[in-house]
Every structure is written in C-alpha cells, then in structure tokens.
Amino acid sequence: MAMITDAHVLRPEFVPSDVVHRDSEVRHLSKALRPITDGEPGETALLGGPSGAGKTCIARFAVQRLRENALGINTQYVNCWEDYSRFKTLYRLLKGIDRAFDVHRQSTPKDELLERLRDHDGSPYVVVLDEADQLDDTGVLYDLYRTTGLTMVLIANRREDLFSRLDSRLVSRLQTTTHVRFEKYGFDALVSILEDRVRWGLRESAISTDQLQTIADDAAGDARVAITVLRTAARRADQDDADSITDEDVAEAIPEAKAEITQKSTRRLTDDQRTLYEIVTEHGEIAPGDLYERYTERVSSPRSKRMVRNYLRKLCHYNLLVAEGENRGRTYHSVS
DNA sequence: CCTCCACTGGAAGATCGGGAAG
DNA sequence: CTTCCCGATCTTCCAGTGGAGG
C-alpha cells in the first residue's frame, strides 16, 4: 500500500481549500477585492514579505474565493520572473481571457496586446503578478493600472525593490492602496502546516511529530522549503516501500531537497552564466573585478561588464549566489 | 574628515534572429 | 528573394554611491 495517498498536496503550487495562520492577511486582501463582487473596481493590492511566507498561496486563495462568490470574474496568475518582459506578461494576461489565440511573436503591431486587453468584454479581470519586481519593464504595470476592469495583486519580496523601479506617478498612486505584510511563519505554524499536508496527502502515522519538528526547524520559517523537504522524504520512503518515513529519510531529504532546488535553477543557465557560477563556487568568495577577469580568461568571446552584472543579478535571484556589500565593498559568494 | 574610484544599475541605442509582407 | 518589424540580447555611456586610503 502506497504511503503517499495524494501527491498533489505536497506540491509547491498546491493551494489548500482552507488556509490557516493567515486569517488577517486573507481578510485584508479580500477587503481590497470585495468591491469587484458589486461591480465596482477593486483596489490594487501589494503583498510583501520574505519567500515561503505564504504570499503566493494567499493571493491564489483569495482570488479563488472571489471567483466562487461572484460569477463572471476572470482571473490569471503571472509569475513575472518567468514572464519578465512586457510582451510575455501581456501575452500571459491575454491567455487568461482566451484572447491570445492568433498572437504571433513578430507580426503583432506595437502594443496591440495592450489594446486587446483593454478591448475585452468588460467583465472584471483580477490578475496576480508574482515577483513583480522582476519585470524588466515596469512600465507595463502603469499601463495595467490604467486599464479599466483590471485589478492587480502585486507580489514582491521587498516593497522598496518594487517601488524603486516604478514610474513615480504609479508609486504615488500605489502609496494609498492596500498593503499586506507577510512575516515568516513561526515554528508552531510551520509544524501545523506540515501536519495538514500529512493528513491530506500521506497515510496515517507516516511521519512523527518529532520528524515534522525537525523539518520545520530546518526550514527556518520558509513554508516552501519545509514542504519540499517533506515531499522529498515521503518520496524516499515510498520508493523503499516503507510504511513510514524514517529519521534517515528526513536527514537525507534536507540536503536532497536543497540540491533539487539548485539543480532545477542551474539547468536554465546559459554557458556564460554557468561559467560565472562555477568561478564563484570554486573561489567561495570573490570580488567583482577578479571575477570578471577570471571570466574573460575562461570563455572564448566574453560579454561586456554590464551584461555580466545582469547575469550576476539573475544568479543572485535564483539563490545560486549571494551578493554581499554595496558598491566598492561588494563580493560574490556561493550559497551555503 | 575628504577625495578617489570600483562598482552598481538605469537609459538609450545597436545588433541579432525570425516571421510576415511585398 | 528583399525589406520591414518585432522582441530579445547585448553594448555603450553615465550618474550615483559608499568603502578604501590618504
């Protein structure tokens, strides 16, 4: 008999039908969206806080609940880290209302995408823009803000990261809208989140409270990490045809889950980016000037310094590298 | 303190690749 | 075929910043 009864609930994108430990955040966000049920425009909402604090989950949950309470509301989730350009973001939004069918990358006249979005039938459209600070053209946010019938839920780790890159007109308008702050989960909250997932997705007594506490302790308030470790441990035990998860499964799942996350992000790198990653990993810590020098020695046709800085920013965002210090004092480290 | 300058990241424009139009 | 247009990528230029080292 399989130990995992529902693998779905252990997946990172799973949204529980009822969320716990985030009642006030849900209420706060729902309040901003409530006018939509009465045919009024919703308020732009801004969710901020560290990763794994439940921002994405709560955004999806609140939007889902809104859909259940009112008919004819369109919704779409966009991860701006993946769809980081204006074109990709707008394309994804058009897909959410089934109007992307004949858009081909080139043939489309400039900004036909935005016009198409504005032309749609007029039913409310609630869009979640996750990692909004990662857009390379934040001007699209201004255009979306000025699109009638469209309500934005913006998610960013740090509000100032987003604001510093926005059009000042938009900043002043967003100042007065709904801001929901998320804090890291406490230890007990994390354990209880894990307990729920175990109840929904694993056979009874598959894992002990002690083991869940070990996982929660390691995750340090990050629910995404905690759930990934739980999934990895469960998969290990399942492959061994075991009845329950052993302490060894948990111990090995912790580094394995982290390696899995790293590997997943490394695959998407270009040769230049991977070279930079390797140089920093080999050195452990390196100054920007040295790093660029090593890089030029190692590749046949090196990119410019400016481009390398873009690569490094990307590597930092993937959590493959850490940048420490500002300006002249900066060094790049490998993680761990 | 003060000055220098290594480094960052925004802005603007060049280049590339590929699909469409002529 | 060529020309045109687009997004994506990359370079060039530059203002701002704050640590190093007088």
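Letters go in sequence order (proteins before strands), and every chain restarts at 1.
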Check for a donor-acceptor pair, side chain of [X] on one end and backbone N or O of [Y] on the other, with a separation under 3.5 Å.
X	Y	result
A:Arg330	A:Gly325	yes
A:Tyr295	A:Arg303	yes
A:Gln76	A:Arg92	yes

Compare the minimum distances between each of B:dG9, C:dT11, C:dT9 and the side chain of A:Arg303, then state the nucleotide with the smallest one.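 Out of B:dG9, C:dT11, C:dT9, the nucleotide with an atom closest to A:Arg303's side chain is C:dT11.
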Among the nucleotides C:dA8, C:dT9, B:dT8, whichever has the atom closest to the side chain of A:Phe87 is C:dA8
Please enumerate all protein N or O atoms sitting under 3.5 Å from an N or O of nucleotides 20-22 of chain C, with distances to 0.1 Å.
none

Rounded to whole Å, how long is the line connecting atom [atom1] of [X] with atom [atom2] of [N]?
X	N	atom1	atom2	value
A:Asp83	C:dG7	CG	P	15 Å
A:Leu162	B:dG10	CG	P	12 Å
A:Lys314	B:dT8	NZ	C1'	18 Å
A:Asn327	B:dC4	CG	P	17 Å
A:Tyr91	C:dA8	OH	C1'	17 Å
A:Leu90	C:dC6	CG	P	15 Å
A:Met307	B:dG13	CE	C1'	15 Å
A:Glu324	C:dG18	CD	P	16 Å

*Name the nucleic acid region contacted by A:Lys305, choosing base, sugar-phosphate or nothing; use a 4.0 angstrom heavy-atom cut-off, strictly under.*
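Answer is nothing: A:Lys305 stays at 4.0 Å or more from every strand.
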Return the orientation label for the A:Phe87 and A:Tyr91 ring planes: parallel under 30°, perpendicular over 60°, tilted otherwise. parallel
Got a salt bridge between [X] and [Y], using NZ or NE/NH1/NH2 to carboxylate O under 4.0 Å?
X	Y	result
A:Arg99	A:Asp119	no
A:Asp243	A:Arg203	yes
A:Asp238	A:Arg235	no
A:Arg236	A:Glu256	yes
A:Lys95	A:Asp83	no

OP1 or OP2 of [N] under 4.0 Å from side-chain N/O of [X]:
X	N	result
A:Tyr311	C:dC10	yes
A:Ser304	C:dC10	no
A:Arg306	C:dC10	no

### Query
Which parts of residues 266-293 of chain A get close to DNA chain B, meaning a heavy atom less than 4.0 angstrom away?
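Heavy-atom contacts with DNA chain B come from A:Pro288, A:Gly289.
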- prompt: Within the modelled atom types, does a donor on one side and an acceptor on the other bring the side chain of A:Arg165 and the base of B:dG9 under 3.5 Å apart?
  reply: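 Under the 3.5 Å cut-off, the side chain and the base do not form any donor-acceptor pair.
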Q) What about A:Leu315 and A:Val299, same hydrophobic cluster or not, with Ile/Leu/Val/Met/Phe/Trp/Tyr joined at side-chain heavy-atom distances under 4.5 Å? A) yes
